[in-house]
Every structure is written in structure tokens, then in C-alpha cells.
Amino acid sequence: MTVDLAVDLCGVRLKTPVLAASGCFGFGREMAGWVDLAELGGIVTKSVSLEPRRGRPTPRMAETPSGMLNAIGLQNPGVEAFCATDLRFLAEAGATVVASLVGRSPEEFGRLAARLAGEPAVALLELNLSCPNVEHRGEVFATDPELAAEVVRAVKRSSNQPVLAKLTADVTDLVAVARAVVDAGADGLTLINTLLGMAVDVGRRRPRLAAATGGLSGPAIRPVAVRCVWQVAGALPGVPIVGTGGIVTAADAAEFLLVGATAVAVGTGNFINPRAVVEVAAGLERYLAGQGAGSPAELPALFKAER
Amino acid sequence: MTVDLAVDLCGVRLKTPVLAASGCFGFGREMAGWVDLAELGGIVTKSVSLEPRRGRPTPRMAETPSGMLNAIGLQNPGVEAFCATDLRFLAEAGATVVASLVGRSPEEFGRLAARLAGEPAVALLELNLSCPNVEHRGEVFATDPELAAEVVRAVKRSSNQPVLAKLTADVTDLVAVARAVVDAGADGLTLINTLLGMAVDVGRRRPRLAAATGGLSGPAIRPVAVRCVWQVAGALPGVPIVGTGGIVTAADAAEFLLVGATAVAVGTGNFINPRAVVEVAAGLERYLAGQGAGSPAELPALFKAER
Amino acid sequence: MTPVRELCEVLERRRVGAYHALTLVAPGIAEAARPGQFVQVLAGDDRSFPLRRPFSIHRVERPGAAMGTAEIVFDVVGPGTSALARLRPHDVVDLLGPLGRPFTPPDEPAGCLLVGGGYGTAPLFFLAGELRARRCRVDFVVGAATADRLFNAMEARRLGHSLAVTTDDGSAGRRGLVTDPLPDLLARTGAGRVYACGPMPMLAAVSRVAADAGVPCQVAVEEQMACGTGICFTCVLPVTVPGWRGPGNGGPGGEPTRMARSCLEGPVFDGAEIAWTEAGYPGGPTPELELAR
Amino acid sequence: MTPVRELCEVLERRRVGAYHALTLVAPGIAEAARPGQFVQVLAGDDRSFPLRRPFSIHRVERPGAAMGTAEIVFDVVGPGTSALARLRPHDVVDLLGPLGRPFTPPDEPAGCLLVGGGYGTAPLFFLAGELRARRCRVDFVVGAATADRLFNAMEARRLGHSLAVTTDDGSAGRRGLVTDPLPDLLARTGAGRVYACGPMPMLAAVSRVAADAGVPCQVAVEEQMACGTGICFTCVLPVTVPGWRGPGNGGPGGEPTRMARSCLEGPVFDGAEIAWTEAGYPGGPTPELELAR
Ligand SMILES: Cc1cc2nc3c(=O)[nH]c(=O)nc-3n(C[C@H](O)[C@H](O)[C@H](O)COP(=O)(O)OP(=O)(O)OC[C@H]3O[C@@H](n4cnc5c(N)ncnc54)[C@H](O)[C@@H]3O)c2cc1C
Ligand SMILES: Cc1cc2nc3c(=O)[nH]c(=O)nc-3n(C[C@H](O)[C@H](O)[C@H](O)COP(=O)(O)OP(=O)(O)OC[C@H]3O[C@@H](n4cnc5c(N)ncnc54)[C@H](O)[C@@H]3O)c2cc1C
Ligand SMILES: Cc1cc2nc3c(=O)[nH]c(=O)nc-3n(C[C@H](O)[C@H](O)[C@H](O)COP(=O)(O)O)c2cc1C
Ligand SMILES: Cc1cc2nc3c(=O)[nH]c(=O)nc-3n(C[C@H](O)[C@H](O)[C@H](O)COP(=O)(O)O)c2cc1C
Ligand code: FES
Ligand code: FES
């Protein structure tokens, strides 16, 4: 049984279905010494904004059971510096780049998309509508279907690159948000971002994060992420989904592909294993062969469950 | 420094701030051999319905990183059998009983409350508005502020026992739901129920739960639960909150009390340590002494964080 | 006798064919244990909050001259049993037990046929000792997929008046299932009781053969367990309740059933009481009746 | 030289005063390591997904005659370091390294004052060797809360031309902080460089003293790290960027700062470059300027 790991994500061919998740692979350059960037399914960059952002005060991280909280606060050099240095580097390295965008308004997202529209090195755009590490919950566009849709429309107006809308599981009706962004023109979805969480240093009697709350990631949230992909894939058949949340091994990735994800992204897993993206892909190849599947796209049909 | 662990929960005096969470302590009887039921802060019973329920098919459980998924499906003998056997037993054992109620409509909740109104052995009612293990998401009343409020009103009309509304974190705006049930007359809140999740057996290529999805519990969800208590305690000062989610040790419980919970409930932790409720309380006593606090109620004032 | 929690030192872990046998210092459990009961085991200091794992008690050394030990036999199938297989002497394991309802011996001495599948044979040795002490004749039928998965047939021969062996592949004893020789044996030994432990499909089949022969049959079942102490309702299986009022039905005789917690009312059940087809194991007693519904 | 991931066998773990010293077989890391760099360590097979823990490289045995070993020195403060303290010879530990920017030695032989606090002294021995190989004079100042928390003062004496010791409680050497004897020593030794490693408040103070004396000072900082490889932006601290255009300011001279990843641009920084007050450690160079803002 020969296996071809390649998948089609919103019209873009990925060598493997395994990407590096946004904010968990820097801007790619940092990892050039660990993996061949050209061999990855793709690299979702740290989210970039119009202006540089300093991010949140430290401590920005707290370890939790089978996961971690982070409150990085979207630190990034801004889209201009990103294009001038990081994007150029990624292009030369032959990486498949998914540029993650973050803005404070639909209009800001639109201007970001316009700025990147002319960059051939950008294969896809991912809209970070769901970062919990922002001053106002109002900036978490993915909590409001209409607002989220507005952002997507603004981006589609100023760019013809395929667009992934990244949503949060911290909502009452994820399918409604997903449907809204897809109707607004999103080509695909990324599920999920971190869950909003908090941890306390009981000895010092204060939050373990300077920002008090932060985003929960890692294996702890995998069951929530798999459920989200399962729900949305069932409600919106045919809409490509990038599954993210707690993927450390190939078996973890297979869970997402079986319930309907087109591809997966490894986040926190990279912190422990800098070669995680490559090793998960290699493991998937063995898994597919073992299951008698010729490609990742065949897995959902092999999944036995009624809705 | 002498410590008094007693707390006042909605006018009811609890010997300690540590309760056994619903569905994680059976109906109490099963644990009589492990702990002195009269010494516990309280026992929240498995949720009872008007008619007996068989629950979901097996497998009903799947272990996940630092947690577990369950799809028990509210199996219970019905309120009549509950009163005839379990409640009588708990009363004789001198336990502080929080009767957890579950219904398919506000009207059902009302009838359940009416049935228990005459039972002196019931110290408080907890309304399970948030069990994810139901056929229709529509039964998860806590996803809709108006519906949740309606249930509370129905219960308050037919009972004068203090009422805790148990909510889910799987919502966009938890504070709105909390405010709605409090305005409708809920005396307190229990935060949180399990998160909706799913796990896949990649070898057999099928869900690990017969019901496909289930409720995620255990330490994995603690950061989400602590965040929920922190948010709601900040938005609705003075409203008693029972914090639940991933409590295994006294330090875990202290996180909840520091961010504003009046009491806590230990769920999944009982499965590994049948004496968890007692041992967490004992550990809290040492913690309070160490922090120079005379009672659990003093902790929020000692917590250093701005909102 | 209420169960206890004991932190038990590992005395020994040895291989027995395809399995591992673990001997633990557990005075309280060794004191109270009865055949058919189980322990909930937590091994290692893993911080990922693993649930306990249930294992039948293979045998105990009552405290007294000795310090009181309990032994379990296990097969490595996943993380929990792998952790057990890594244990070395002097390591400490956290046990709850003895848990569950034990086998009920006959009031009067009677012939007892003990049927074991794979590691399911292990608790039957404990039972055989108790039955013999009550002057019951004990005959063994043990089966497994392959010879190395027959747990300690030598011991079965020593403890039993007779021993019949079957393997799926014929690598030991007669090729086939443990149920194949059952009817003959029941007739030949004139056994008045059948006691069985092993995989669920086997228990269903044994229960049927015994029911057809009109011989009372007790089986020790295996359902997934989160707590093992009766508080989570994970481990349920459908049992018949003559005249029960609740919803649902599907018992062997078409009478109402209820979902019984196998950690509390079991793991030992009357084989004729379990609604095998509803439980997902057709081939139990009087299946036609069940299917008829 | 890019870092590698190595599964390293434990050769030895021994107590050194209040600390543990761990020697690991790590050819690749031992080959490439430079003083001031660190390793990211993952110990044990805990399934709760613990993050790696960063530790300075105390010294290395370059591969060749020997097989190539690296040594770290650690203090037990929580679960990660407790796991390290449980390691026995032949256990295997998962390492990433060497990581981060090392200390930069002077181009010309110069007098170097090495200032260590607690376990922060450990990486300075590695540095002392390199400096002496470059024919630099090395003087040591080591301090700690108590005598047992001074890491291996004997070795410091052996490696250094002179050694000054301070403890907070006076249980060894002079009572007080490492910074107390610094001005004198700078004057007396005429040191042209200061290299420091220890708690952040100490590094701030040392940087100020050095700046006041007009001596270049490199410090190895400790910030919490999730990855250690530059990809998570957890480990940032504010450093000055003359003429930088972005938002924010607060550098020692009031000039703009940016949040630098200490695992990538550090852990070794020019002490005068760090915006100490903004980083939460007033008492750094020219604090009055910072406070003036
Ligand atoms: C009453 C009882 C007695 C048992 N006695 C023995 C015994 O004497 N020897 C022995 O080898 N095994 C016995 N088992 C089965 C044993 O509990 C499982 O093999 C073990 O839990 C597997 O854990 P794992 O992590 O290695 O495997 P995994 O398959 O990874 O376990 C995953 C989950 O499924 C559960 N599980 C897996 N297999 C079983 C099973 N067969 N029955 C119940 N739960 C299961 C586990 O407890 C865990 O919760 C018994 C089970 C029960 C209920
Ligand atoms: C570059 C660098 C070099 C270091 N070198 C050494 C050394 O040589 N010897 C030594 O004993 N310690 C050193 N540390 C500190 C060491 O990493 C921590 O003591 C260790 O991570 C604590 O982990 P824990 O689980 O035992 O403690 P916990 O306090 O439970 O750790 C909780 C979290 O906080 C982080 N953390 C805790 N203390 C520190 C700290 N001081 N600095 C950074 N992160 C911390 C941990 O990494 C973990 O993520 C160094 C830190 C850094 C950044
Ligand atoms: C340190 C850290 C930083 C992150 N930064 C971003 C970000 O900038 N933009 C974004 O869309 N997601 C960000 N994420 C979320 C991840 O991309 C991912 O959705 C989430 O962590 C769940 O996946 P995981 O469990 O594999 O980490 C970040 C996550 C972490 C842990
Ligand atoms: C097996 C199981 C059954 C549960 N049954 C109920 C229930 O009947 N009613 C209810 O309100 N909550 C139920 N819960 C939720 C718990 O009461 C608790 O809110 C949740 O598990 C989080 O706490 P924990 O992490 O300490 O378990 C159940 C949880 C588990 C694990
Ligand atoms: S395993 Fe929990 S009730 Fe039986
Ligand atoms: S620790 Fe992740 S960027 Fe430095």
C-alpha cells in the first residue's frame, strides 16, 4: 500500500496534512536549524498586525495539567517588518506560508490583507478571530457571527488568497459562527484556538499569569478540539478544516483527520519536540498504510460513527 | 491561628467548604464505607429526574490527558425511588444533602422541586442546566439565558429551598447566563459542568464513547473552571458560587476559593481517591492556617489581582 | 466487610506465560478478600491523572504467620498495564479493595465446574481453594487463544479433580472454544454449579450452555470502570428485574431489565440474569427470546 | 552551530551543598557548547505533558578520548527539578542544546571579574576555563543566601586568581551581597570585563555597579521559558534599541525598548542594554533616569 500524504487545502497543495500552528513556530526562521521548512505541510506564522505589538507583561506562561496557559498578547514586529524579513526568508526556504493576521477591526484586517495581496510567498491567509489574549473580549470577533463575517468580507474584498477563519470553542453555537464566516466567503476554517483559562499561585495568592487569564493549549484541550471539528464537519460538509488542539503524536493527528479535518496544525507540541511537525507526518504515513488508506482524505470515509 | 472551615452557602451552614460533586459520589450511600457522610461539607446527589432514566449505552467513559470523558446520560432511579431510599439513607447518615435535579422542561423542573419541597432532608437544590449528555443540545438550558431563567422561576415558584443553578462553560457569555438565572431568583451558582468533548479510537476508527461525544472533566479543565469563577465572581459580587472542575488537592480547591468561590465540589477526584472530599478539606485547613486566614471566606480579600 | 485503601509494596513481579503476576503486601485486602472480588490499582507517580485499573484477585496469603499478601495476574494491553509491567520490588502501588460481590459457594457440598478463559482463570484458583475447603468437587475447563495465554494449567491440574484444555489454534489441548467440551463435562461430572471468568462473549456462551443443562451459573464480568466503588455509573450492564416498573426491557425472557453497576452488584452475576443480547453479546441464554422482541 | 536533540544517559547525579550536579552523556552538546549557553531538559516518562526545563551548562567534557559529557547543576524547587533529583545512573534524559547566545570573551587578554549568585556560579566555571585559555586574568566574587548555597567555592578558588565570598547571613565569607565588594574589586583588580550569572535582582545591581565604574558587563538572565528555541515569545525582557521606531519605551536612558526573546538573543545580554526597571528590577543601571519617566 503506497501512501501519498499530500492534501489539497482550499486549492493549495500541501506536501503533508501537518502544519505548524500560529504562535507556536515563531516566524519559521527560528526552526530552520531543526527541520527542513520546505518539507512541512505548511507554516502558519505568528499572527501579524498592522503596527508592531509589544505583547503582554511577564510571566506570560503557566504550566497546567497536560497543557499550558499563555498570555503572549500577540507580540509581533508588524506587517511591514514581517514582509521585509520573515516572509522573504520563508520564501527563500521554500516554505508553504500561511500568514496569520490579527487586527482590532474589520477595516484593519482588510488593510493587512491588502498589504499581503501582492506577496506571492503567501499561500493562504489565516484570520485570527479568536485570540483570548486581548484587552477587550470585543476583539474576539469569533464570539459574534456577524462581526466575524464582517472581518471575512473585508479581507475577501482586498485579497484573492484563500482565507482560513480561525475560530474559538468558547462559544455557545460554534456551527453558527462557522456557517456565518463560510457564507461571508471564508474558504476554510481553523479549529480551535486556545480556551480562555486561569491558574492561581496559591502560595503567593495571585494569578500565575501577569495578565491573570490566558489561553489554554496542549493535550488537555484535545477532546474539545476534536469535538469541535466533528460538529462543524458534520454541519458544513465540504468545508476544509484545519484541526488544532493538543496534537503531539500521529495518533492525535489521526483523531482530527478521522472526524473530518483536511489538515492539522501542531502548536504546543513544538515546544517539547522541535521536530514534531515532521515526526507527526511520518507517523501518519505509517498509520495510513496500516489502515489501508492511500491518502489522508480517505480517512473520514473509514470512520464508523453515526451523527 | 485557629481555623474554622465552616461556610455559609445561601443561608445553609456547611461544616467545610468542600462538597462532593453531582454524579461523582453516586447517591452518597455507596461512599458510607469510605467517609463519614456527616463530616462532609455536603453531598450533591447524582441528578434525579421525574421518571427513572437508563442512561446511555456503553462504553460510557474514556480516559483523556489529565481528564476523562463521560456519557453516563443521567441514569437515575427517578425522584420517587430517590426519596424512598437514597434520601432517607442520607438523612439518617446526617449528611448535608444538595439534591441535583434534571428535567426536559421548566415544567418538569418545577414538578421535581415541588416533590422535594416537603423533604426536610434536602438542604439545597442544584439545577443541572448544563449536562452535555443529552439527546438534544436544546436540553442544555444553560446555553440560553432566557430558558435557564425560566427553569429557575419554575423551581422557585414550587419550592422555598435555596437554589443553585449549575451552568456550563460552553457558552459565549457566561456572565449573561449567570446574571439571568440570578435575576430569576437563583440563590447561588455552581460552576462548571463538564466541557463537551470527544475522543477517537484511531485503531478501531470509531468514537471511544458509544454516544460519540461526552463531558470532559478532571484536572485538564481546571484552568477553564477557575477562569469562569473569576469572571462571574467579578461581575456578580455577593452571589455565592460553588467552584467545580479538576479539584484533586487542597491547593486546587484554594485556587477556586481565592478567585471568589464560596465553596468547591470535588468530582472526578473521588474516582481515584474515595476520601478526596475529606482530605481536600483537611488540606485546606492547613493552607488557611499557613496563610493566616481564619476561615475560607477570608481568602478572596487576600488575593492580589486587579480585574 | 468494607474495602480499604492500601499503599502496597511490590514483593515480586514475574512472567507467567504471556502474563505478569504481581505479588503485593496488602494485609487489609488479603484479610478481607473473597474469590471473585477485585482491586482498583494505581501505579506510578504519573501526573496525567490516570484512572485506577481493575484487576481480579488471583490469590491471597491471609495475614498471620505471613504479613498478608495479595496477587494479581495481568496482560499488558495499554498504558495502565504497561506501568504495572515496569514495577520493581519495593516500588509502591496504591490499591482499593477488596471490591465487588464475590462468587457465592453452594450451601451444601456440590460438584463445581470452573470455566476460565485467558487470564480469567486466575481468580478461579482462589475460588477452587474455597470450594475445596467446603468439600466441593472441583473440575476445570480452561481455554485461550494460544498455549502461552493459558494461565498456569499446571496449577489448574493440581487444584482440580479433572482438567480440560482448549485453545483456538490447537497449540495446547483440544482445538476450539471452552464451551465445546462443556455439555459432556456437565453430564459426566454431574456438576451442580458452574463458575466462569473470561471474555464477555465466552461468559455469554457458558451461561447459555449451563442454562440449557439447567445448572446454575455464576460469571465474573469485565466492564470498563472509572471508579470501581459504585459512584460513577460507568460500568453498567443490563440485568433482568422481574416485575420492574422502569423504562426499557430486553431480558433473556423478555422481562424488564435495569442497568446494574457491575462494580457494585457484580462483577459476579448469575449468568441467567444478564440480558446478554442487549449487552451486545448475543449467544447468551435463550437468545431467540431476546431477538424475538 | 545549530543545537541538537539528544537522548542522554545519566552517568552520575551527586549532591553539591544544597544543589544536585547531573552528568550526562551528550556528545553533540558537549562538542558545540559555549559558556553561558543552556540546555532544555525533559526527564521522566510523565504523561502529563510537562514542558522542558532550562538549565545552564555547568561544564562539558569535549568528545574525543572521553565520550563527550555535559553537566548541569540544579536546585530543587518544583516538579521538574524534583524529577531530575530522582534520576539514577543509566536513566535517560531528553535534552535540546546547546541553546542561546554565549558569553563573549574579550578579543584581547583582559582582567575579568566573574560574579556568581547561588547556582549561577556553575556556568561561570565553564567561562573561567575559556577565559584563562585566552590568557585573561580571572577573579571571582560568589555570593548566596547561606554557606550551603554557595556553589563549590573551592573550585572557584582553584580557577580564580582571587576569590571573594559573601552570604546574606554571614555563614561564610563576608556578610552581605555580592555587589558590596564589587567597587573595590573592580578598582583593585583593574578588571576590564564583568561577567555575571545569578538571580535577576543581583544581575540588575551588578550591571549598575559595572556601569558606574565604566566596565562592560555581560549577564546571563533567567526568564520563564516554554520552548527555549525562540518560537513561543514567553521569555521576553525589555532591551534598549537606540532609534527603534516601534511603540513603548523605558530604557535606561529613556530610549525606546523592544521585548527580546532571552532564549534566542540571550540568555547573555549586555547588562547596560536591559531596561531593568521596566523588567521589574529597579536598581539596574541609572535607575533615576528610568524612574524619571
Ligand atoms: C472486574 C475486572 C477485573 C479484571 N481483572 C483483570 C485481570 O485479572 N487481569 C487482567 O489482565 N485484566 C483484568 N481486567 C481488565 C483490566 O482492567 C484492563 O486490561 C486494564 O484496565 C487495561 O488498562 P490499560 O491502560 O493497560 O489499557 P487501555 O486499553 O489503554 O485502557 C483504556 C481504558 O479502558 C479500560 N479497559 C481496557 N480494557 C478493559 C477490560 N478488558 N475491562 C475493563 N476495562 C478495560 C481501562 O480500565 C482504561 O480505563 C479486569 C477488568 C475488570 C472490570
Ligand atoms: C536560561 C536559564 C538557565 C537556568 N539555569 C539553571 C541552573 O543552572 N540551575 C538551576 O537550578 N536552575 C536554572 N534555571 C532555573 C530552572 O529552569 C528552574 O528552576 C526550573 O525550571 C524549575 O522547574 P520546576 O518545575 O522544578 O519548578 P516550578 O517552579 O514548579 O516551575 C514552574 C514553571 O516555572 C518555570 N520556572 C520556575 N523557576 C524558574 C526560574 N528561576 N527561571 C526560569 N523559569 C523558571 C519552570 O520552567 C516551569 O515552567 C535556569 C533558567 C533559565 C531560563
Ligand atoms: C504560546 C502560544 C502562542 C500562540 N499564539 C497564537 C497566535 O499568535 N495566533 C493564533 O491564531 N493562535 C495562537 N496560538 C494558538 C495555537 O495556534 C493553537 O490554536 C492552540 O495553541 C491549540 O493548539 P495546541 O494545543 O497544539 O497548542 C498560540 C498558542 C500558544 C501556546
Ligand atoms: C461520571 C460523571 C458523571 C456526572 N454526572 C453529573 C450529573 O448527573 N449531574 C451534574 O450536574 N453533573 C454531573 N457531572 C459533572 C460533575 O458534577 C462536575 O461538574 C464536573 O465533572 C467537573 O468537575 P470535576 O472535574 O471535579 O469532575 C458528572 C461528571 C462525571 C465525571
Ligand atoms: S465503575 Fe463507577 S460505578 Fe462502577
Ligand atoms: S522560550 Fe519560547 S521564545 Fe523563548
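Numbered from 1 within each chain, the chains take letters A, B, ... in sequence-line order.
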Student: For residues 199-207 of chain A, give me every residue with a non-hydrogen atom less than 4.5 Å from any non-hydrogen atom of chain B.
Tutor: Ala199(A), Val200(A), Val202(A), Gly203(A), Arg204(A), Arg205(A), Arg206(A), Pro207(A)
Student: So which of Val226(B), Asp173(B), Leu69(B), Val229(B) has the largest heavy-atom pair count under 4.5 angstrom toward chain A?
Tutor: Val226(B)
Student: Highest number of heavy-atom pairs under 4.5 Å with chain A: which of Ala225(B), Cys228(B), Ala62(B), Ala220(B)?
Tutor: Ala220(B)
Student: Val224(B) pairs by side chain to side chain contact (heavy atoms under 4.5 Å, CB included) with which of Leu195(A), Asp170(A), Thr64(A), Leu196(A)?
Tutor: Leu195(A)
Student: Which residues in residues 247-260 of chain B have a heavy atom less than 4.5 Å from any heavy atom of chain A?
Tutor: Ala251(B), Ala254(B), Glu255(B), Leu258(B), Val259(B)
Student: For chain A, which residues from residues 282-293 of chain B have at least one heavy atom closer than 4.5 Å to it?
Tutor: Tyr287(B), Gln291(B)
Student: Check whether Thr143(A) reaches the backbone of Thr172(B) with its side chain - one donor and one acceptor, N or O, closer than 3.5 Å.
Tutor: no
Student: Could you tell me which residues in residues 296-307 of chain A have at least one non-hydrogen atom under 4.5 Å from a non-hydrogen atom of chain B, sorted by residue number?
Tutor: Leu302(A), Phe303(A), Lys304(A), Ala305(A)
Student: Please report the interatomic distance CZ(Arg227(A)) to CG(Leu216(B)), rounded to the nearest 0.5 Å.
Tutor: 10.0 Å
Student: Which one of Gly67(B), Ala142(B), Gly218(B), Ser66(B) has the most heavy-atom pairs closer than 4.5 Å to chain A?
Tutor: Ser66(B)
